[in-house]
Amino acid sequence: MPSVKAALLVLLLAGGARAEEGMPSLTGEPGDAARGRVIVTSRQRGLCLLCHAGPFPEERFQGDLAPSLAGIGARLTEGQLRLRLVDGRRLNPETIMPSYYRTEGLVRVGPAWQGRPILAAGEIEDVVAFLVTLKD
């Protein structure tokens, strides 16, 4: 369904996604929370813990530049989490969080990453599925 994903991204970038609503699934399929946890805690893939701390006692050296992920699933909806992952600049133009799915209009992107999302649509859905489980 590349055309559906492209249409969603165009809608998002055109201002069609509002923070209070978030954005719909990129794949139309539920993500896998276990795979999402692996991405979130990975020092090579998601790099989330570079800036965020969370309820991951086995992970050392968690970040403190961004809000804690503890309780994020109680504070934000799936759609709101997805919007932040896909393109956090829609909510805060000054954010230092990378756009994990957006590929156009970015600056300071390494040559190896130009035109490529950091995470695939399914991986975004996996991360969202995991983050919504973080209720405490």
Interatomic spacing from [atom1] in [X] to [atom2] in [Y] - rounded to 0.5 Å:
{"X": "Ile118", "Y": "Thr103", "atom1": "CD1", "atom2": "OG1", "answer": "11.0 Å"}
{"X": "Asn92", "Y": "Arg90", "atom1": "CG", "atom2": "CZ", "answer": "12.0 Å"}
{"X": "Ile72", "Y": "Leu81", "atom1": "CD1", "atom2": "CG", "answer": "5.5 Å"}
{"X": "Ile124", "Y": "Thr27", "atom1": "CD1", "atom2": "OG1", "answer": "10.5 Å"}
{"X": "Leu106", "Y": "Asp87", "atom1": "CG", "atom2": "CG", "answer": "7.5 Å"}
{"X": "Leu131", "Y": "Leu85", "atom1": "CG", "atom2": "CG", "answer": "6.5 Å"}

Could you check whether any side-chain N or O of [X] sits under 3.5 Å from a backbone N or O of [Y], counting only pairs where one atom can act as donor and the other as acceptor?
{"X": "Arg35", "Y": "Phe130", "value": "no"}
{"X": "Gln62", "Y": "Phe56", "value": "yes"}
{"X": "Lys135", "Y": "Ala74", "value": "no"}
{"X": "Tyr101", "Y": "Arg82", "value": "no"}
{"X": "Arg43", "Y": "Leu50", "value": "no"}
{"X": "Arg89", "Y": "Met97", "value": "yes"}
{"X": "Asp126", "Y": "Asp32", "value": "yes"}

message = The test is side chain to side chain contact (heavy atoms under 4.5 Å, CB included); show your working for Thr133 and Arg37 and say whether it passes.
response = CA-CA 10 Å; Thr133 69; Arg37 186 182 200 288; over 6 Å; no
More than 12 heavy atoms of other groups within 6.0 Å of Glu58 CD = yes
same_hphob_cluster(Tyr100, Val38) at 4.5 Å side-chain heavy-atom cutoff = no
Joint hydrophobic cluster, Leu134 plus Leu47, side-chain heavy atoms closer than 4.5 Å = no
message = With heavy-atom distances below 4.5 Å as the criterion, would you say the side chains of Leu119 and Ile39 are in contact?
response = yes
key: His52 side chain near Pro67 side chain, heavy-atom distance below 4.5 Å   = yes
Non-hydrogen atoms of [X] and [Y] that approach each other most closely:
{"X": "Gln80", "Y": "Thr77", "answer": "OE1-N, 2.8 Å"}
{"X": "Ser99", "Y": "Gly88", "answer": "OG-N, 4.5 Å"}
{"X": "Val40", "Y": "Cys48", "answer": "O-CB, 3.4 Å"}

task = Carefully, step by step, assess Glu123 and Arg45 under the rule side chain to side chain contact (heavy atoms under 4.5 Å, CB included).
result = CA-CA 10 Å; Glu123 291 174 314; Arg45 191 75 188 115; 2.7 Å; yes
